[in-house]
Every structure is written in C-alpha cells, then in structure tokens.
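In what follows, residues are counted from 1 in the order of the sequence shown. Counting convention: from 1, in listed order, for ligands and their atoms alike. Predicted model only: the values in this text are computed from it and were never measured.
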Amino acid sequence: MQYEKSMKHCIELAKLGYGNVSPNPLVGCVVYDSAGNLISEGYHKQYGQNHAERDALLKLDPKETIGGTLVVNLEPCSHYGKTPPCADLIIQYGIKRVVIGMRDVNPIVAGNGIRKLQDAGIEVVENVLEKECRVLNEVFIKNMMGQQTFVALKTATTLDGKIAAHNGDSKWITLEKARSEVKIIRNMYDAILTSSSTVIADNPSMEHRCNVIIDRNLKTLQGDYKIYNNKRVIVFYDKRINLPESSSCAEFIKAPVKNNEVNLEFVFKKLYDLGIKSVLIEAGGHLNGSALVYTDKVYHFIAPKILGDNSGLSCFNYRKADSINLCKNFYIDSIKTFEPDILLTYYPIDNS
Ligand code: AOF
Ligand code: ZN
C-alpha cells in the first residue's frame, strides 16, 4: 500500500474542516481492510464533534476492520476531551496498523496515543509526509507550542512591488482567479485584520466571520463603511481617547500606543485570549511593515503589470536597509499560478 497517497487523501479530507474546527487541528482519516481496500474515510468537521478517526470508524462494522490499516495525519488522541480517546476506538476495531503523519504537539497527547496503540500490539508507522502534515496544522502547532496567535499576511502587487498608484488607485491589480483564491485563504483564518487607512481608502467588505480593525483615532466611526456589516467586528483604538457613547457597531478594545502606533504585540495577545488563534492581515504598506516582525507566513500575489512609478505605494514600509545584507529574508515555500497572476507563499527566516 502506498502510504503517501493515502496521507495526501487524509490531508485533503482534513482541509474540509477549514473554518469550523479552530482551535482544534485539521484532521482527516482513511481506513483500509485487511486486503487493502479503502473502506472508509472521515474528517474532523466541527469543533467539539467527533475526531477524524471516530468519524471514519463509526461508519463501519468492527468485523470489517479486523487486521486493517488506519491512516491519519495526526497522532490519534489518548485523552478524554469532548469525545473519548480515538486510540481506544482504534484498538476496539481490531486495526493492525496505524500510519501517522505527525506526532500530536498537544502536551496531553504527545506520544501517549502512539504508546497506547503499540501497547495493544498495533504497528505504528510514523512521519509519513510529515512536512506537509506540519504545514497543514501550522496554526495549531504555533498555538500549542507558544500560546500565540498565528499571523499570516496577504498582499497583491504589481511586478514592481506596488499595491496602488500614487493616488491610491488599486482596482484591480490581480484578476478573478487570484481574487477567488483570496476568499479560500480568508476562510482558513479565524479573523481578517486591517487598518483604518485601508477601510477609508478602499471601503472593502472583506466578508468574514470576524474582522479586526486597527483604528487608533476611531476614524472609521465617521463614515459608513461596509466592513461593519460583517458578523463580528473588533476595533483596537488608543486607550487615551474616549469612545463615543453610540458605538455599538463593534467590540471596542483599548490598546496601548507608542510612536503613534497601536502596539501590535498587545493586539495579537489579546486576540489569542479572545480565542482568535489565527489572523490574516490585509492592509497597506504601513500596517504590513509594522506587522512583519510578527508575521509567520506571507501570501503574495503578483500581477504581470509594471506601475513604473516611484511614488506608487509599496507593499511593505519596513525598516529601510542600507545594504542588501541587512534585508529581512524569507524562504519561498510555493509558487502557484492563478492566471494571469501568480501566488508566492513565503515564510520568514528567523533572525533576519
Ligand atoms: C481534533 N480532531 O480529529 C483529532 C484531534 O477537545 P477535544 O476532545 O476535541 O480534543 C482536542 C484535541 O484532540 C486536539 O488538541 C488534539 O490534541 C487531539 N486530536 N483533535 O480536534 C481530531 N485527532
Ligand atoms: Zn481523537
């Protein structure tokens, strides 16, 4: 049996949980009988509901699974949480071999699931497509390891790195295929974070279940902006100013301000405490630049256009490097085409 192909299948199933399982991991599972026939598949669908392994096994009669193989992208759990331990159910179903993508980083599980299976005489194959499985659950890993919100950032630029012309015109840099991919990316994150400047300049709807606006002086309260039509809106503002009494359109949070900027470390910490375990920043060069030190991942769409204007707006107003060896460095994880545009996905290299 080709485990890598089965693991890819698990990853695809797991992705069906995007938008519904946070703060839990994305998990998919497939089951084969003793002859190697695929007999079931499952995934974690909703926070608090069955784990992927339980979802896949409960569709079967234990007679069918005796001597079979179960493939799952995350180590089966060993604890009583919202549901009983998946490892126990796997043992009850007479599975002979369990193939795992990565060990669980949740300290309650962390190897205990594997031990439970091995103690019951089950063969455990570890680390199949481990890198892919870790990328799939990079948010869960950061949450568990550092109790911090995962910060992603999306930008769309011309070939010469501009997000708008000098007068602010930005519609449209990328075309339909790229823009529908953005909707898919947004759904992967618990919230979209933007700035008052972007709200005022573009009046975007940024449709999402949770939108966060950094608005130091509460400027967005002076207009009628579409972003406020979303389900949940959180606004961070300067703690030294007074909130107008009639402000009921959002949750308002007082934040410390330094050098005329809302303290982003405070913002991300507060979001984590509010249960927002991942955010996607969609803003202009100013917020993008300030957020870069906190950013875990960048989605950078590039349109095959040259603005050719030095005074066009750049995607990152970051600390100015006087020499190339002072640049902040990244590694490119993938390059995908959304014709006629491309999407580069990159991660920061530490200490640069
Ligand atoms: C999931 N889905 O398919 C697997 C998980 O609160 P609970 O009971 O849902 O448990 C959540 C933990 O269970 C989670 O942090 C992870 O360690 C483990 N495995 N979780 O949500 C799954 N297999
Ligand atoms: Zn479980």
Practice task
Please state whether Pro25 comes within less than 4.0 angstrom of ligand 1, counting heavy atoms only.
Solution key: yes
Practice task
Give the cluster check for Leu344 versus Val135: same hydrophobic cluster or not, with ILVMFWY residues linked at side-chain heavy-atom distances below 4.5 Å.
Solution key: no
Practice task
Take every heavy atom of Gln49, measure it against each atom of ligand 1, and state whether any distance is under 4.0 Å.
Solution key: no
Exercise for the section: Would you check whether Glu53 reaches within less than 4.0 Å of ligand 1, judged by its heavy atoms? Expected result: yes
Exercise for the section: Mark up the atoms of ligand 1 that fall under 4.0 Å of a heavy atom belonging to Thr83, in ascending order. Expected result: 8 (O)
Problem - Angle in degrees, rounded to 10°, that SG of Cys77 and ND1 of His51 form at the Zn ion (ligand 2) - result: 110°
Practice task
Go through Lys96 and Glu123 one step at a time and tell me if the salt bridge (Lys or Arg N to Asp or Glu O under 4.0 Å) criterion holds.
Solution key: CA-CA 6 Å; Lys96 183 183 77 180; Glu123 178 197 349; over 6 Å; no
Problem - Donor on one side chain, acceptor on other, Lys297 and Tyr346, under 3.5 Å - result: no
Exercise for the section: Run the numbers for me: atoms of ligand 1, each under 4.0 Å from some heavy atom of Asn24, listed by number. Expected result: 1 (C), 9 (O), 11 (C), 21 (O)
Completion exercise
shortest atom 8 (O) of ligand 1-to-protein heavy-atom contact is with Lys82 N, 2.5 Å
Exercise for the section: For Phe140 and ligand 1, answer yes if some heavy atom of the residue is under 4.0 Å from a ligand atom, otherwise no. Expected result: yes
Practice task
Give me the ring orientation class for Tyr331 and Tyr347: parallel if the planes are under 30° apart, tilted from 30 to 60°, perpendicular past 60°.
Solution key: parallel
Problem - Region of His44 engaging ligand 1 - heavy atom pairs below 4.0 Å - result: side chain
